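Read through the structure below, which is laid out as structure tokens, and then see the notes.
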Amino acid sequence: MDKFKRTLVTTALPYANGPVHIGHLAGVYVPADIYVRYLRLKGEEVLFIGGSDEHGVPITIKARKEGVTPQDIVDRYHGIIKKSFEELGISFDIYSRTSSKIHHETSSDFFRRLYEKGEFIEKTSEQYYDPEANQFLADRYIMGTCPHCKNPNAYGDQCEACGTSLSPLELIDPHSTISGAKPILKETKHWYLPLDKHEEWLRKWILEEHKEWKTNVYGQCKSWLDMGLQPRAVSRDLDWGVPVPVEGAEGKVLYVWFDAPIGYISNTKELLPNDWEKWWKDKDTRMLHFIGKDNIVFHCIVFPAMLKAEGSYNLPDNVPANEFLNLEGDKISTSRNWAVWLHEYLQEMPGKQDVLRYVLTANAPETKDNDFTWKDFQTRNNSELVAIFGNFVNRALVLTQKFYGGAVPAIGELAEIDRQTIAEFQKVKANMEHNLDIFRFRDALKEAMELARIGNKYLADMEPWKLIKTDEVRTATIMHVALQIAANLAIAFEPFTPFTAKKLRNMLSMSEIKWSDLGRIDLLKEGSHIGQVELLFEKIEDDVVAFQINKLEEAKKKNELSNYKPAEVKANVPFEEWEKTDIRVGTVLECCKVPKADKLLQFRIDDGMGGRTIVSGIAQSYPEPEKLVGRQVLFIANFEPRKLRGIVSEGMILSAVDADGKLVLCEPSREVKPGCTVG
RNA sequence: CGCGGAGUGGAGCAGUGGUAGCUCGUCGGGCUCAUAACCCGAAAGUCGUAGGUUCGAGUCCUACCUCCGCAACCA
């Protein structure tokens, strides 16, 4: 690290189609902020870049759904995100956005330079085009019937009913979700970044020269490189984004993955119009990308390939990526509204920024996916922040007020036990540095906490409240040492809990702090006065936590209901057509899971005609298939037999699809003879 | 055989071939300055299962079992 003069830290650009939640924070922004604050405390030159990613198809879909413009959407969420980051103390030097003028210019220039250097290849392909709306259709804008499960509402990229991924060309009866028109195939030209040409140096650069990268990062890169890299389209047919700056590219924009990382560059430029290049091109600058695991490939392979193709930029020195944070046992999901939103947290838990920062760091998903629960949040606040950290500081300061009217007492001769205690807390600095330097913030935080534990033990062992009655000189020394430990806490916790650290500094009347002061025992001068003593943290009661848990469950329910709307009624069918379908009642004789298939159940049905086997994709709604034995079901009796997972299925069992996607078997309201017709 | 993770005391998590660890919880004791907080001690693990490599395996290899994520916007 000594070979670098300065550090550029970037954080993944949050996508501006929703607010930021605790998963984003734990994975990216809190660790990055800790690291940056640490470097600043050490007096190092550091630049911390963030911004919103505001292009791409999902934003246009959301805008269309709400009947507003994409710009309206990104303005709204950019505002919310920026404000909530500020309030949480994420200390960006700049937080900008990709819809800015300077970003459009920068990414445009970047594309043109690669274009002129011949770094792209051009390919023409056939894609669906909406003749009424006069535009090419992104996969998500096309719906049709799934060729596998016949779900009529499958998207162009995937069928949500059966889970298979699709190409728009596979859909039966495709239609545009914009106009409803039947799309036509039309030729379109796009530019591709030939990643395969970059494979060789990428292999060497990552696999040989960066073995120190975190194992999850290194492993995923290796897996991609071993599979072989493919050219990747850098443009799309869309009207929202940075226009492709080439003649004949009307109606095309840069693909969002191409323009988003350039946002790091644009934002640096915006902040430092005359000085930005040293942060990106000077070999003395170290670049770090803080991201989540879903972004590993882009930041380790794709973006470096772009930078290398351009020619004048540095490559990242490290890409510390975290895994994911789950919430109360379930994965966080924007669409299911299963999340703790930062802007709501800040409103509902005023003054508790540091509690969230602490909990997310103490339980950060550094090596594997971890779980956030409100119960754990409460425990960590009450048993660690309040009981260990807050309590130690409070004890030391209250005793100082009582004994000395708030003035730091004189230090006398140190006893052996004092020296031992001091030696022990002086180890904290080296331990913290070791962990911070390799991005292990969880362990670094634990070390910082160790300082408060040492302080508590010191007070318990020394018992100054007893000793004051017999030995005032000795008591003064003990309290002096205890106060120095408190002062050290103010430095050690600055990267993690900056609001609390500041409060503590104020109480101790400390002015400037430096990382290099950590471990010193002369941070507070004899006779200097401590300010008003207040509690650093407050207990969180059960009802606060219960409120949050309840809120989560409510939101989930509400979301399921509000999102539900009955599927569109299909085109009318003449009676003769309908009549061809033969629906019967059958009694379940046997039912079991199909091995190696998540969704399939195998039924043996008494159909009154000797029985038949039917395979049905309802396993996820009926986890205990044996309980279905004896129940009656409706089934289509005259489907062509079909092989599913090697089992011949002679028909289809009818189920209703509930709002939450759960399948519910249809059953006659009283038992009837197996084989009865339904009509 | 789609791809990738993960299985470690009651809970949540570390663990880098060399004596199984941390936080919380539980139990016992101490203290009473402190937000019923703090300090000391104890119990609690055949490290998913079965093989293998090794002087030595939680760690490396093989097979299997279980759970999760991804392949859909989303860190």
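Each chain gets a letter, A, B and so on, in the order its sequence line appears, and its residues count up from 1. Bear in mind that the values here come from a model prediction, so they are computed numbers and not experimental data.
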Checklist entry - Paired with rU32(B) by Watson-Crick or G-U wobble geometry, both distances under 3.5 Å: which nucleotide is it? => result none
Checklist entry - Out of rA37(B), rC33(B), rA14(B), which nucleotide sits closest to the side chain of K402(A)? => result rC33(B)
Checklist outcome for this item: The nucleotide from rC73(B), rC33(B), rU23(B) with an atom nearest the side chain of L399(A) is rC33(B)
Checklist entry - Considering only side-chain heavy atoms of E463(A), which listed nucleotide, rC39(B), rA14(B), rC31(B), is closest? => result rC31(B)
Next on the checklist: Taking pairing as Watson-Crick or G-U wobble with both contacts under 3.5 Å, can you name the mate of rG41(B), or confirm there isn't one?
Outcome noted: rC27(B)
Item to check | Euclidean distance, atom NZ of residue K293(A) to atom C1' of rC3(B) [Å, nearest integer] | outcome: 12 Å
Checklist entry - Is the distance from OP1 or OP2 of rA37(B) to the nearest side-chain N or O of K539(A) less than 4.0 Å? => result yes
Item to check | Verdict with supporting geometry, F298(A) and F303(A), ring-ring contact (aromatic ring centres under 6.0 Å, His included) | outcome: CA-CA 6 Å; F298(A) 288 107; F303(A) 189 44; over 10 Å; no
Item to check | Evaluation steps, side chain to side chain donor-acceptor pair (under 3.5 Å), between N381(A) and Y358(A) | outcome: CA-CA 8 Å; N381(A) 179 78; Y358(A) 177 84; over 6 Å; no
Item to check | Ring geometry between W341(A) and H343(A) (parallel below 30°, tilted from 30 to 60°, perpendicular above 60°) | outcome: tilted
Next on the checklist: Side-chain N or O of K446(A) versus OP1/OP2 of rC13(B): is the shortest distance under 4.0 Å?
Outcome noted: no
Checklist entry - Choosing from rC38(B), rU32(B), rC74(B), which nucleotide comes nearest the side chain of W465(A)? => result rU32(B)
Checklist outcome for this item: Which of rC31(B), rC39(B), rA14(B) is nearest the side chain of R440(A)? It is rA14(B)
Item to check | Nearest listed nucleotide, side chain of N456(A), among rC39(B), rC22(B), rU35(B) | outcome: rC39(B)
Next on the checklist: Tell me whether the rings of F439(A) and F290(A) are parallel (<30°), tilted (30 to 60°) or perpendicular (>60°).
Outcome noted: perpendicular
Next on the checklist: Of the options rC38(B), rC24(B), rC74(B), whose atoms approach the side-chain atoms of T379(A) most closely?
Outcome noted: rC24(B)
Checklist entry - Base, sugar-phosphate, or nothing: which does N370(A) touch, judged by heavy atoms less than 4.0 Å apart? => result sugar-phosphate
Item to check | For rA6(B), the Watson-Crick or wobble counterpart (both distances under 3.5 Å) | outcome: rU66(B)
Item to check | Side chain of H24(A) (C-beta onward), nearest among rG12(B), rU23(B), rC74(B) | outcome: rC74(B)
Checklist entry - Which whole-number value in Å describes the distance from K375(A) NZ to rG25(B) P? => result 9 Å
Item to check | Side-chain N or O of S383(A) closer than 4.0 Å to phosphate OP1/OP2 of rU23(B) | outcome: no
Checklist entry - Choosing from rA34(B), rA14(B), rA37(B), which nucleotide comes nearest the side chain of A387(A)? => result rA37(B)
Checklist entry - According to a strict under-4.0 Å criterion, is R442(A) in side-chain N/O contact with OP1 or OP2 of rC13(B)? => result no
Checklist entry - Do any side-chain nitrogens or oxygens of N391(A) fall under 4.0 Å of OP1 or OP2 in rU35(B)? => result no
Checklist entry - Which base, if any, makes a Watson-Crick or G-U wobble pair with rC22(B), both distances under 3.5 Å? => result rG12(B)
